[in-house]
Novice: 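Structure in structure tokens, see below.
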Amino acid sequence: MNKTIMHINYGEITYDSYGKKSIEDICKQAADIGFDGIEFRGVPPKELSDLSFKEYATQIAAASKKFGLSEILFAIGIRDCTNEDKEVRAKAIAAAVEKAEIVSDICGTTVCNTFASNIRSSISTAPGTSYEFHGSAAATQKDWDLTVDTFQEFGKKVEKLGIKFGFETHMNYIHDLPEPAKKLVDLIDSPVIGINMDYGNTAYFPVRPTVEETIDIYGDKLFYTHLKNSSPVPGSGLRMATGLGDGEINHRIYLAKLKEVGFTGPIGIEAPRGGDRVWFAQQDFNYYKSVMESL
């Protein structure tokens, strides 16, 4: 049975702020709705910026235990992985390893979201929202080599922890689309480095495989998933975030395909939109639950 994960953005007022909520409030919210766990960010929010990462993880572990959450994930990436300075990369790897050790020891974390360096096009006129110009499309061979080398080293250092790390398919990263994401993890060739499938991000690209084709591309390197939805805004080239069951992505097909291939990893649900996120969490979880029960 897949663990169902509430992304922390359901518990935030803005994307990096809890507002008047505490970690306990957010853990209670997730448990009350029916989630098995939460994916937290890899740094404390501004309200808790005085905490060390270890103190932050300790508060999360205590609150998750209090409310019976069994699966706590974190986003732990290496943003400096394409820096040409070897010492900068080594420092970035060490910092990510330290965080992984902390969440493994304190929170019992077994899966993390991860990411590499942000890569933007060298074409100055390339629009920021035309994601097909950035990320993997703009990556040089050196970007590929440094990213692979960095995560190979990281993988060796964290393999003993028993945590799997999935590159989120996300705009402006080398792992933005299904094919380059799979190419990246194949080159890294680590048993603990795979993919976090976020088709809600893939949908922002004009040329993309279907949900079912994407899952087949990832194969046994699919470690985690993010579910979210959106619809195109007619005539604008833009998309508008929607509820999980309301947008263009058919999550009934998505979840049926995951079941067909025997995916057993956690399934995370996201709400990258403003408004009443407690209500969004309830709505999206109920939609997800109804689909899973019908499969």
Novice: Report the C-alpha distance between Leu73 and Phe40 in whole Å, list the side-chain angles of each, state the deciding distance to 0.1 Å, and finish with yes or no for side chain to side chain contact (heavy atoms under 4.5 Å, CB included).
Specialist: CA-CA 6 Å; Leu73 288 70; Phe40 284 91; over 6 Å; no

Novice: For Pro127, does its backbone N or O pair with a side-chain atom of His134 as donor and acceptor, under 3.5 Å?
Specialist: yes

Novice: Does one hydrophobic cluster hold both Leu255 and Phe35, with members joined at side-chain heavy-atom distances below 4.5 Å?
Specialist: yes

Novice: Of all heavy-atom pairs between Gly155 and Val192, which one has the smallest distance, and what is that distance?
Specialist: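 Closest heavy-atom pair between Gly155 and Val192: O-CG2, 3.9 Å.
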
Novice: Give the minimum heavy-atom separation between Ser190 and Lys221, together with the two atoms involved.
Specialist: O-NZ, 2.8 Å

Novice: Is it true that Asp149 and Lys156 make a salt bridge, defined as a side-chain N closer than 4.0 Å to a carboxylate O?
Specialist: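 Salt bridge between Asp149 and Lys156, a charged N being under 4.0 Å from a carboxylate O: no.
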
Novice: Would you call Arg252 and Lys257 a side-chain contact if the rule is heavy atoms closer than 4.5 Å?
Specialist: no

Novice: Check whether Ile193 and Tyr218 end up in the same hydrophobic cluster, where Ile, Leu, Val, Met, Phe, Trp and Tyr are linked by side-chain heavy atoms less than 4.5 Å apart.
Specialist: yes

Novice: Would you say Ser294's side chain and Val291's backbone share a donor-acceptor pair under 3.5 angstrom?
Specialist: yes

Novice: Nearest 0.5 Å, please: how far is CE in Met197 from CD1 in Ile217?
Specialist: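 Going from CD1 on Ile217 over to CE on Met197, the span is 9.0 Å.
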
Novice: Check the hydrophobic clustering (I, L, V, M, F, W, Y; side-chain heavy atoms under 4.5 Å; chains of links allowed) and say if Ile119 and Leu187 are grouped together.
Specialist: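 Yes, Ile119 and Leu187 fall within the same hydrophobic cluster.
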
Novice: Just verifying a value: how many Å separate Leu69 CG and Ile38 CD1, rounded to the nearest 0.5 Å?
Specialist: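 Result: 5.0 Å between the selected atoms.
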
Novice: With side chain to side chain donor-acceptor pair (under 3.5 Å) as the test, would you mind laying out the steps for Asn286 and Gln282 before giving the verdict?
Specialist: CA-CA 6 Å; Asn286 288 339; Gln282 293 169 344; over 6 Å; no

Novice: Does the pair Glu132 and Arg208 meet the rule for a salt bridge (Lys or Arg N to Asp or Glu O under 4.0 Å), with working shown?
Specialist: CA-CA 10 Å; Glu132 64 273 20; Arg208 58 188 186 268; over 6 Å; no

Novice: Where do Ile215 and Phe263 land on the side chain to side chain contact (heavy atoms under 4.5 Å, CB included) test, with the steps shown first?
Specialist: CA-CA 10 Å; Ile215 292 170; Phe263 177 69; over 6 Å; no

Novice: Is a side-chain N or O of Ser17 found less than 3.5 angstrom from the main chain of Gly19, in a donor-acceptor match?
Specialist: yes

Novice: Quick one: does Asn201's side chain have a donor or acceptor within less than 3.5 Å of a partner on Thr169's backbone?
Specialist: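 Yes, the answer is positive, given that a donor and an acceptor are paired below the 3.5 Å cut-off.
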
Novice: Determine whether a donor-acceptor pair (N or O, by modelled atom type, separation under 3.5 Å) exists between the side chain of Asp80 and the backbone of Val88.
Specialist: no

Novice: Can you give me the closest heavy-atom contact between Phe223 and Pro191, atom names plus distance?
Specialist: CZ-O, 3.7 Å

Novice: Using ring centroids (six-membered ring only for Trp), state whether Tyr10 and Phe280 fall under 6.0 Å.
Specialist: no

Novice: Can you confirm whether or not the ring centre of Tyr224 sits under 6.0 Å from the ring centre of Phe165?
Specialist: no

Novice: How long is the span from the OH atom in Tyr204 to the OH atom in Tyr131, to the nearest 0.5 Å?
Specialist: 7.0 Å

Novice: Given side chain to side chain contact (heavy atoms under 4.5 Å, CB included), test Thr225 with Asp198 step by step and report yes or no.
Specialist: CA-CA 6 Å; Thr225 65; Asp198 193 324; over 6 Å; no

Novice: What's the spacing between Lys65 NZ and Cys27 SG if we round to 0.5 Å?
Specialist: 13.5 Å

Novice: Check Ser231 against Gly247 and note the closest heavy-atom contact, atom names and distance.
Specialist: OG-CA, 3.4 Å

Novice: Which one of Glu248, Arg239, Arg273 satisfies the side chain to side chain donor-acceptor pair (under 3.5 Å) criterion with Ser230?
Specialist: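 Running side chain to side chain donor-acceptor pair (under 3.5 Å) over Glu248, Arg239, Arg273 with Ser230 returns exactly one hit, Arg239.
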
Novice: Evaluate the salt bridge (Lys or Arg N to Asp or Glu O under 4.0 Å) criterion for residues Lys183 and Glu179: first the C-alpha distance (whole Å), next the side-chain angles of each, then the deciding distance (0.1 Å), finally the verdict.
Specialist: CA-CA 6 Å; Lys183 174 185 174 181; Glu179 289 86 354; over 6 Å; no

Novice: Between atom CD of Glu293 and atom NZ of Lys289, what is the distance when rounded to the nearest 0.5 Å?
Specialist: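 Answer rounded to 0.5 Å: 5.5 Å.
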
Novice: Does Ile267 share a hydrophobic cluster with Ile5, counting links as ILVMFWY side-chain heavy atoms below 4.5 Å and allowing steps through other members?
Specialist: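 No.
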
Novice: Answer yes or no: does atom NZ of Lys160 have more than 12 heavy-atom neighbours from other residues, nucleotides or ligands under 6.0 Å?
Specialist: yes

Novice: For the aromatic rings, using the six-membered ring if either is Trp, is the centroid distance between His170 and His175 under 6.0 Å?
Specialist: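 For His170 and His175, the ring centres are not under 6.0 Å apart.
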
Novice: Taking atom NZ of Lys54 as the centre, report whether more than 12 heavy atoms of other residues, nucleotides or ligands fall under 6.0 Å from it.
Specialist: no

Novice: If you look only at distance, which donor and acceptor atoms sit under 3.5 Å apart when one is on a side chain in residues 106-117 and the other is two or more places apart or in another chain?
Specialist:
| residue | atom | partner | partner atom | Å |
| --- | --- | --- | --- | --- |
| Thr109 | OG1 | Ile72 | O | 2.7 |
| Thr110 | OG1 | Glu71 | OE2 | 2.9 |
| Asn113 | OD1 | Asn196 | ND2 | 3.2 |
| Asn113 | ND2 | Glu39 | OE2 | 3.3 |
| Asn113 | ND2 | Glu168 | OE1 | 2.9 |
| Thr114 | OG1 | Ile76 | O | 2.6 |
| Ser117 | OG | Arg79 | O | 2.6 |
| Ser117 | OG | Cys81 | N | 3.3 |
| Ser117 | OG | Thr82 | N | 3.1 |
| Ser117 | OG | Thr82 | OG1 | 2.9 |

Novice: Please check if the side chain of His226 supplies one atom and the backbone of Ile269 the other of a donor-acceptor pair under 3.5 Å.
Specialist: no

Novice: Students often mix this up, so state it plainly: with edges at 30° and 60°, are the rings of Tyr254 and Tyr199 parallel, tilted or perpendicular?
Specialist: perpendicular

Novice: Would a distance-only check, ignoring hydrogens and angles, find a side-chain to backbone donor-acceptor pair under 3.5 Å from Asn229 to Ile249?
Specialist: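 Between the backbone of Ile249 and the side chain of Asn229 there is a qualifying donor-acceptor contact (under 3.5 Å).
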
Novice: Using the ring-ring contact (aromatic ring centres under 6.0 Å, His included) rule, collect all pairs that involve residues 63-108, keeping only residues at least two apart or in two chains.
Specialist: Phe53-Phe74

Novice: Would the distance check show the side chain of Lys259 and the main-chain N or O of Leu295 forming a donor-acceptor pair, the cut-off being under 3.5 Å?
Specialist: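 Answer holds: yes.
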
Novice: What heavy-atom pair brings Lys21 and Gly11 nearest, and what distance separates the two atoms?
Specialist: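 It is CD-O, 3.4 Å.
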
Novice: Side chains of Ile163 and Val158: does their closest heavy-atom pair fall under 4.5 Å?
Specialist: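 A side-chain contact is absent here, since even the closest heavy-atom pair is not under 4.5 Å.
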
Novice: Leu244, Met240: one ILVMFWY side-chain cluster at the under-4.5 Å cut-off?
Specialist: no

Novice: Given 3.5 Å as the limit, does a donor-acceptor pair link the side chain of Asp176 with the main chain of Met171, or not?
Specialist: no

Novice: I'd like to know whether Glu260 forms a side chain to side chain contact (heavy atoms under 4.5 Å, CB included) with Glu212, so could you lay out the CA-CA distance, the side-chain angles of the two residues, the decisive distance to 0.1 Å, and finally the verdict.
Specialist: CA-CA 10 Å; Glu260 177 190 315; Glu212 294 163 294; 5.8 Å; no

Novice: Does Asn9 offer a backbone N or O that forms a donor-acceptor pair with the side chain of Arg277 under 3.5 Å?
Specialist: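 At least one qualifying donor-acceptor pair exists.
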
Novice: How close do Phe285 and Ile33 get, counting heavy atoms only, and between which atoms?
Specialist: CE2-O, 3.4 Å

Novice: Run the salt-bridge test on Asp186 and Lys182 with the 4.0 Å N-O cut-off and return the result as yes or no.
Specialist: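 Yes, this pair counts.
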
Novice: Using only heavy-atom distances, determine whether the side chains of Asp145 and Gln141 contain a donor-acceptor pair under 3.5 Å.
Specialist: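 The criterion, which ignores hydrogens and geometry beyond distance, is satisfied for Gln141 and Asp145.
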
Novice: Say you draw a straight line from CG of Leu258 to NE2 of His251; how long is it, rounded to the nearest 0.5 Å?
Specialist: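 Answer rounded to 0.5 Å: 9.5 Å.
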
Novice: Can I get a per-line list of side-chain donor-acceptor pairs under 3.5 Å for residues 91-105, giving both atom names and the distance, sequence neighbours left out?
Specialist:
| residue | atom | partner | partner atom | Å |
| --- | --- | --- | --- | --- |
| Lys99 | NZ | Gly42 | O | 2.6 |

Novice: I'd like to know if Glu84 pairs up with Lys142 as an ion pair, taking the criterion as any Lys NZ or Arg NE/NH1/NH2 lying under 4.0 Å from an Asp or Glu carboxylate oxygen.
Specialist: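 Answer for the salt bridge query: yes.
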
